[in-house]
Amino acid sequence: MILLIILLVLLAAFTAVFLIRIVELRSGGTSAVVRVLPSPKSEGWRHGVIRYRDESLDFYRLSRLIPGPSVRLNRQTAEIESRRRPDGGELDLMDSSVTIVGVQAGGTHYEFGFERGALTAFLAWIESRPPRRARRRSRWNL
């Protein structure tokens, strides 16, 4: 009986952590689907939330309980490679209005599926990065 109670308490705690993580992620960030390439066509897509930081983009998979981002892109090394519309089996996962953007960062290739507003935010984040040779000013290097 004690073992059953311990298992129920652990299950309740696990469920609470999972629900808190989902609520926290959905409350702040931009929803997107992401996959790491190479992947077979229409496979490997993961739903999640993107949060933009000064120097990186963090993607948090909704189905992952481990703290921290599933994917982190460095803003200085991220380069847009392609744009396309979903086709074939991808239309089962996302709307035809979604734009799929191919991105290369740090030697890894990704595809991001963005709705119109999310695509605008992503492009603005990439395009507004400081030049690679720019150095952030602080009181120590004036």
Side-chain angles (χ1 to χ4, degrees), residues 3-142:
L3 183 60
L4 182 60
I5 292 171
I6 291 172
L7 288 176
L8 286 175
V9 168
L10 288 175
L11 180 63
F14 181 76
T15 304
V17 167
F18 183 70
L19 291 175
I20 289 169
R21 178 174 166 78
I22 287 177
V23 168
E24 179 184 321
L25 289 177
R26 288 186 183 233
S27 66
T30 304
S31 63
V33 289
V34 176
R35 72 176 179 165
V36 180
L37 298 176
S39 273
K41 192 78 169 166
S42 303
E43 293 181 19
W45 289 103
R46 302 291 180 248
H47 292 273
V49 174
I50 290 176
R51 290 197 175 153
Y52 297 99
R53 300 170 58 176
D54 285 343
E55 299 302 323
S56 66
L57 172 150
D58 294 341
F59 174 76
Y60 297 87
R61 271 180 46 190
L62 292 180
S63 61
R64 183 177 172 195
L65 288 178
I66 299 171
S70 303
V71 173
R72 177 171 279 163
L73 294 183
N74 182 313
R75 188 177 189 179
Q76 291 298 327
T77 63
E79 298 293 333
I80 296 174
E81 296 181 318
S82 63
R83 280 192 212 185
R84 65 180 181 86
R85 295 285 182 199
D87 57 0
E90 293 171 336
L91 290 169
D92 294 337
L93 299 169
M94 54 191 100
D95 192 58
S96 61
S97 65
V98 168
T99 301
I100 297 174
V101 179
V103 177
Q104 186 271 334
T108 306
H109 299 270
Y110 303 92
E111 281 189 328
F112 289 82
F114 293 115
E115 296 286 340
R116 186 179 188 139
L119 176 63
T120 302
F122 176 74
L123 295 175
W125 179 78
I126 289 283
E127 292 171 358
S128 67
R129 67 182 163 206
R132 292 181 190 211
R133 294 196 295 165
R135 202 170 84 187
R136 193 173 272 219
R137 295 182 75 171
S138 72
R139 62 182 171 160
W140 306 110
N141 66 2
L142 292 175

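Throughout, residue positions are numbered sequentially from 1 according to the sequence presented.
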Looking at R53 and D58, what are the two nearest heavy atoms and their distance?
-> CD-OD2, 3.0 Å
Could you walk me through whether S128 and R75 pass the side-chain contact (heavy atoms from CB on, under 4.5 Å) test, one step at a time?
-> CA-CA 10 Å; S128 67; R75 188 177 189 179; 2.7 Å; yes
Can you name the nearest heavy-atom pair linking A118 to S31, along with the distance?
-> CB-O, 4.3 Å
Within a reach of under 6.0 Å around CZ of R84, are more than 12 heavy atoms found that belong to other residues, nucleotides or ligands?
-> yes
So CG of L73 and CD of E55: to nearest 0.5 Å the spacing works out to 13.0 Å
Heavy atoms only: give me the nearest R72-P69 pair and the separation to one decimal.
-> NH2-CG, 3.7 Å
When rounded to the nearest 0.5 Å, the distance separating OG of S39 from OH of Y110 is 12.0 Å
Parallel, tilted or perpendicular: which describes the rings of F112 and F114, with under 30° parallel and over 60° perpendicular?
-> parallel
Pick one: which of R85, R116, R83 meets side-chain hydrogen bond (donor to acceptor under 3.5 Å, both in side chains) with T99?
-> R85
How long is the gap from CZ on R51 to CZ on F59, to the nearest 0.5 Å?
-> 12.5 Å
Of all heavy-atom pairs between A78 and A105, which one has the smallest distance, and what is that distance?
-> CA-CB, 3.9 Å
Decide yes or no for M94 and I100: does some side-chain heavy atom of the first lie under 4.5 Å from some side-chain heavy atom of the second?
-> yes
Closest non-hydrogen atom pair between E111 and L37, with its separation | CG-CD1, 3.6 Å
How long is the gap from CG on L3 to CG on L8, to the nearest 0.5 Å?
-> 9.5 Å
One should read off an interatomic distance between N74 CG and T108 OG1, to the nearest 0.5 angstrom, of 11.5 Å
Going by the side chain to side chain contact (heavy atoms under 4.5 Å, CB included) test, name the single residue among T30, I50, I80 that passes it with F122.
-> I80
Any donor-acceptor pair under 3.5 Å linking the side chain of R46 with the backbone of S70?
-> no
Distance in Å, T120 OG1 paired with W125 CH2, rounded so as to fall on 0.5 Å steps | 15.5 Å
How far apart are the closest heavy atoms of G44 and R35, and which atoms are they?
-> O-CB, 3.1 Å
